[in-house]
Amino acid sequence: MQPDRDTATEPTREQKIWQVVLAIPAGMVASYGQVAAMAGLGRQARFVGRALGKLPAGHSVPWFRVLRSTGQIAFPPDSPAYERQVDLLRQDGVEVVNGRVSMSRYRWTP
DNA sequence: TACGTGACGGCGA
DNA sequence: GTCGCCGCCACGT
C-alpha cells in the first residue's frame, strides 16, 4: 500500500478552479487572474489555463467566460476554439468585437 | 534530473 | 487605451 498523499486527498486546485468558473453568471466574464485569486491560487493565472485545458469530456464548465485581463480571447485567432468561444459568448449576450470584450462592461464582480 | 514551454498578470513607458 | 519585459508554477520530453 502506498499512503501517498494524493489522488485520495481533497479536491485539487483544478476542481477548485472549475468550481469558480461554474459560479460565473451568464452574460458576464472573468479573467484568469480573477479566477486564480478566487480559487485561492494567488497569481497563478497560468495554472487556470492549464486546468481548463484538462477539462474532461462531458463537463458543464463555462470555460468560454474566462478571458485575459485585457479582455482578449486567450486563443489564437486561427484556432477553432477561438471561434467557438466567440460564439458561446455571444449566446450569453456578451458583445465580442475583434476577438475582444469590454472588461469594464462585462467583468464579473461578485 | 534538467530545460523549455504555456488558454497569463502586473508594471512601466 | 496599447506595447514590451519579467516572474510563477506545473507538465512534457
Side-chain angles (χ1 to χ4, degrees):
Chain A
M1 325 42 151
Q2 310 101 36
D4 286 279
R5 67 287 185 266
D6 106 68
T7 64
T9 56
E10 323 88 40
T12 59
R13 296 166 213 156
E14 301 178 351
Q15 278 285 346
K16 187 74 181 183
I17 289 169
W18 300 339
Q19 193 67 34
V20 173
V21 177
L22 243 12
I24 303 175
M28 308 204 89
V29 297
S31 66
Y32 289 90
Q34 189 177 352
V35 174
M38 292 179 71
L41 302 176
R43 292 192 184 140
Q44 297 184 234
R46 304 200 93 159
F47 193 90
V48 176
R50 208 167 269 283
L52 293 179
K54 287 174 162 185
L55 277 170
H59 64 72
S60 55
V61 180
W63 57 269
F64 56 89
R65 288 175 192 156
V66 185
L67 309 172
R68 288 191 178 180
S69 62
T70 58
Q72 190 167 35
I73 292 180
F75 286 104
D78 63 338
S79 182
Y82 172 89
E83 297 182 8
R84 196 139 44 234
Q85 185 167 16
V86 173
D87 186 49
L88 289 167
L89 284 171
R90 285 176 178 167
Q91 288 183 35
D92 268 7
V94 177
E95 185 180 11
V96 183
V97 181
N98 205 8
R100 200 181 294 178
V101 176
S102 281
M103 290 301 282
S104 14
R105 190 167 140 172
Y106 294 103
R107 195 176 192 203
W108 175 42
T109 47

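Numbers restart at 1 for each chain; the letters A, B, ... are given by sequence-line order, proteins then strands. The analysis underlying the following values was restricted to heavy atoms, covering all of them including side chains, and did not include hydrogens, waters or symmetry mates. This structure is a prediction, so every number in the text was calculated from the model and none was measured.
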Per-nucleotide pairing state of DNA chain C [Watson-Crick or G-U, under 3.5 Å; [ ] pseudoknot-crossing; | other strand]: .||||||.|||||
Residues in contact with DNA chain B, drawn from residues 22-43 of chain A - heavy-atom cutoff 4.0 Å: Ser31(A), Tyr32(A), Gly33(A)
How long is the gap from CG on Asp87(A) to OH on Tyr82(A), to the nearest 0.5 Å? 12.0 Å
What's the CD1-C1' distance between Ile17(A) and dA7(B), to the nearest Å? 12 Å
Can you sort out the partners of Asp92(A) under salt bridge (Lys or Arg N to Asp or Glu O under 4.0 Å), two or more places apart, ordered by chain and number? Arg65(A)
Return each pair, listed once, that meets salt bridge (Lys or Arg N to Asp or Glu O under 4.0 Å) where at least one residue sits in residues 72-83 of chain A; pairs must be two or more places apart or across chains. none
Please collect all salt bridge (Lys or Arg N to Asp or Glu O under 4.0 Å) contacts where either partner lies in residues 26-45 of chain A, sequence neighbours excluded, each pair once. none
Side-chain touch Arg84(A)/Leu88(A), heavy atoms, less than 4.5 angstrom: yes
Between residues 44-62 of chain A and DNA chain B, which residues have a heavy-atom gap below 4.0 Å? Ala45(A), Arg46(A), Gly49(A), Arg50(A), Leu52(A), Gly53(A)
What parts of residues 69-108 of chain A reach DNA chain B, counting only heavy atoms under 4.0 Å away? Ser69(A), Ala74(A), Phe75(A)
Pair listing, salt bridge (Lys or Arg N to Asp or Glu O under 4.0 Å) test, anchored in residues 100-110 of chain A, at least two apart: none
Does anything in residues 45-55 of chain A pair up under side-chain hydrogen bond (donor to acceptor under 3.5 Å, both in side chains), and if so which pairs, sequence neighbours excluded? Glu14(A)-Lys54(A)
Over how many whole Å does the gap from Arg68(A) atom CZ to dG10(B) atom P extend? 13 Å
Walk along DNA chain C from 5' to 3' and tell me the first and last nucleotide with an atom closer than 4.0 Å to a non-hydrogen atom of chain A. dT2(C) to dC11(C)
Distance-only criterion, 3.5 Å: show the donor-acceptor pairs between side-chain atoms of residues 17-38 of chain A and protein atoms not counting sequence neighbours.
residue	atom	partner	partner atom	Å
Trp18(A)	NE1	Ala51(A)	O	3.2
Ser31(A)	OG	Gln34(A)	N	3.2
Gln34(A)	NE2	Trp108(A)	O	2.6

Kindly write out the residues that satisfy side-chain contact (heavy atoms from CB on, under 4.5 Å) with Gln85(A), not counting sequence neighbours, or none if the list is empty. Trp63(A), Phe64(A), Leu67(A), Ile73(A), Phe75(A), Leu89(A)
